> 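Here it is: the structure, laid out below.
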Number of protein chains: 2
Amino acid sequence: MRISTKIRCGARTILELASRYGEGPIDLKEISKKENISLKYLEQVIIPLRTAGLVKSIRGSKGGYSLAKPPSEICLNDVVEILDGTNQLIECLQDPKGCKKAPFCVTRDIWKEASEAMNKIFRSITFEEMVNRKKEKEGQSPPMYQI
Amino acid sequence: MRISTKIRCGARTILELASRYGEGPIDLKEISKKENISLKYLEQVIIPLRTAGLVKSIRGSKGGYSLAKPPSEICLNDVVEILDGTNQLIECLQDPKGCKKAPFCVTRDIWKEASEAMNKIFRSITFEEMVNRKKEKEGQSPPMYQI
DNA sequence: TAAATTCCTATCGATAAAGTATGAATTCGT
DNA sequence: ACGAATTCATACTTTATCGATAGGAATTTA
């Protein structure tokens with residue numbers, strides 16, 4: 001029951017792109033160095049994010065990736081769903097038909113509750129929010145909350 | 001980010017023992033049939049639950065397993081922690097020293113929030129509660145009498 | 001044309017998950 | 001005392017997944 005490395009790398013990558021939204025394409029080599037993730041691995045991770053329409057790419061020299069929509073319109077749940085294929089803790093939450101006992105299954109109900117509690121968090125946090133938090137941590141208070 | 005088969009089997013086993021708390025030892029063969037889990041696999045799963053003091057065993061003929069304490073004093077989180085070794089979504093939530101960036105890590109904070117939301121559910125539900133829910137479900141539409 | 005970069009496909013190795021096998025130790029009933 | 005039932009211990013196998021790497025094709029800039 002762990003968040004995979006893939007998801008964590010994906011989230012950090014999107015966060016990086018989000019914090020530089022509007023600055024044009026950013027190449028993976030740069031993110032690779034900054035986040036200390038192998039370039040080749042990053043290339044793998046970002047493919048599904050592009051396919052799903054979270055990021056867009058520009059090929060060739062001076063190319064790179066940028067968010068396909070504003071950070072406020074991307075939430076962590078998007079990344080989780082795309083890179084994990086699901087956001088459910090167990091198989092039969094997606095397809096209740098799979099298990100005949102589902103309607104009578106008490107444990108299933110509870111895994112479902114836990115899944116939903118988790119997803120609620122994932123859905124509630126946009127990358128805009130994460131960028132703000134990041135700036136706060138870095139000591140650069142975001143304008144809106146400046147004291 | 002899936003709940004392992006081991007945890008699911010463990011939870012169903014404890015639920016079964018809980019629903020028959022006070023009736024003396026129940027042998028794994030019976031649970032194995034009822035829950036459709038291989039006996040050998042069940043034997044593996046129950047060992048850590050015994051070691052951790054959730055269940056107690058009686059060896060030999062007419063032996064079996066029973067809960068070591070009332071269902072009201074066992075929660076799902078116990079099973080998760082014992083069979084998964086943790087209840088955290090990522091490594092660095094247990095040992096913050098592991099990653100130097102932890103204090104500045106925005107994504108870490110969020111995985112932590114999600115972990116806590118999930119754990120809150122796991123901790124809030126005792127096996128007494130689960131037995132009650134199970135009885136309710138069976139009362140509404142008892143599977144045993146259906147064709 | 002050369003360099004930079006995304007894109008595509010394949011592969012590898014390590015690890016863990018899931019399940020099986022064998023048999024010893026223990027206890028009960030007869 | 002014996003045999004059946006059951007837990008307990010250990011080891012093994014198989015399968016799947018994860019994380020990572022490799023090589024090179026396609027595309028774009030300058």
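Keep in mind the model is a prediction, meaning the values are calculated, not measured.
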> Give a yes/no on whether any side-chain N or O of B/R50 is located under 4.0 angstrom from OP1 or OP2 of D/dC8.
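For B/R50, the contact criterion (side-chain N or O under 4.0 Å from OP1 or OP2 of D/dC8) is met.
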> Report the residues that fulfil side chain to side chain contact (heavy atoms under 4.5 Å, CB included) with B/D27, sequence neighbours left out, ordered by chain and then residue number.
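Here the qualifying residues are B/K29, B/E30.
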> Mark up nucleotides 13-23 of chain C, 5' to 3', with B wherever a protein heavy atom is under 4.0 angstrom from a base atom, S wherever such an atom reaches only the sugar-phosphate, and - elsewhere.
-----SBBBBB
> Heavy atom of residues 11-26 of chain A under 4.0 Å from DNA chain C: which residues?
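Correct list: empty, so none.
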> Got a sec, which pairs hit salt bridge (Lys or Arg N to Asp or Glu O under 4.0 Å) with one end in residues 72-88 of chain A, sequence neighbours left out?
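Pairs touching residues 72-88 of chain A that pass the test: none.
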> Report the residue (B/D27 or B/I47) whose heavy-atom-nearest nucleotide on DNA chain D is the more 5′ of the two.
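Upstream on the strand: B/D27.
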> For B/E128, what residues pass the side-chain hydrogen bond (donor to acceptor under 3.5 Å, both in side chains) criterion, not counting sequence neighbours?
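Counting only residues at least two positions away or on another chain, B/E128 forms no side-chain hydrogen bond (donor to acceptor under 3.5 Å, both in side chains).
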> Quick one: B/L42 CG to D/dC8 P, roughly how many Å, whole number?
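Result: 13 Å.
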> Using 4.0 Å as the upper bound for N to carboxylate O, is an ion pair formed by B/E91 and B/K112?
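Not counted as a salt bridge, because no side-chain N and carboxylate O are separated by less than 4.0 Å.
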> Supply the atom-to-atom distance A/I14 CD1 to A/L54 CG, rounded to the nearest 0.5 angstrom.
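With rounding to 0.5 Å, CD1 (A/I14) is 5.0 Å from CG (A/L54).
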> Give the rounded distance in Å between these two atoms: CD1 of A/I37 and C1' of D/dA20.
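So the two atoms are 12 Å apart, to the nearest Å.
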> Measure CG/A/L39 against P/D/dA20 and give the value in whole Å, please.
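Going from CG in A/L39 over to P in D/dA20 covers 14 Å.
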> Holding to side-chain hydrogen bond (donor to acceptor under 3.5 Å, both in side chains), I want the full list of residues that pass it with B/S4, two or more places apart in sequence or in another chain.
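Partners of B/S4 by the side-chain hydrogen bond (donor to acceptor under 3.5 Å, both in side chains) criterion come out as none, since no residue qualifies.
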> Partners of A/T86 by side-chain hydrogen bond (donor to acceptor under 3.5 Å, both in side chains), sequence neighbours excluded?
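Scan of A/T86 (side-chain hydrogen bond (donor to acceptor under 3.5 Å, both in side chains), adjacent residues dropped) gives A/Q94.
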> Can you list everything that forms a salt bridge (Lys or Arg N to Asp or Glu O under 4.0 Å) with B/E16? Sequence neighbours excluded, please.
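Only B/R20, B/K34, B/K134 meet the salt bridge (Lys or Arg N to Asp or Glu O under 4.0 Å) criterion with B/E16.
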> Pick base, sugar-phosphate or nothing for A/L28, based on heavy-atom distances below 4.0 Å to the nucleic acid.
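Counting heavy atoms under 4.0 Å across all strands, the contact made by A/L28 is with sugar-phosphate only.
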> Sequence neighbours left out, what passes side chain to side chain contact (heavy atoms under 4.5 Å, CB included) with A/P25? Give chain and number order.
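Scan of A/P25 (side chain to side chain contact (heavy atoms under 4.5 Å, CB included), adjacent residues dropped) gives A/I58.
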> Nearest whole Å is fine: how far is D/dT7 C1' from B/I31 CD1?
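Nearest whole value for this atom pair: 13 Å.
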> Excluding sequence neighbours, so at least two apart, what forms side-chain hydrogen bond (donor to acceptor under 3.5 Å, both in side chains) with A/K40?
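So A/K40 forms a side-chain hydrogen bond (donor to acceptor under 3.5 Å, both in side chains) with A/E43.
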> Please collect all ring-ring contact (aromatic ring centres under 6.0 Å, His included) contacts where either partner lies in residues 99-132 of chain B, sequence neighbours excluded, each pair once.
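Counting only pairs at least two positions apart or across chains, the ring-ring contact (aromatic ring centres under 6.0 Å, His included) contacts touching residues 99-132 of chain B are A/W111-B/F122, A/F122-B/W111.
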> Which whole-number value in Å describes the distance from B/I46 CD1 to D/dT6 P?
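B/I46 atom CD1 is separated from D/dT6 atom P by 14 Å.
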> All N/O contacts under 3.5 Å from nucleotides 27-30 of chain D to the protein, with atom names and distances to one decimal?
{"from": "D/dT28", "atom 1": "O2", "to": "A/S61", "atom 2": "N", "distance (Å)": "3.0"}

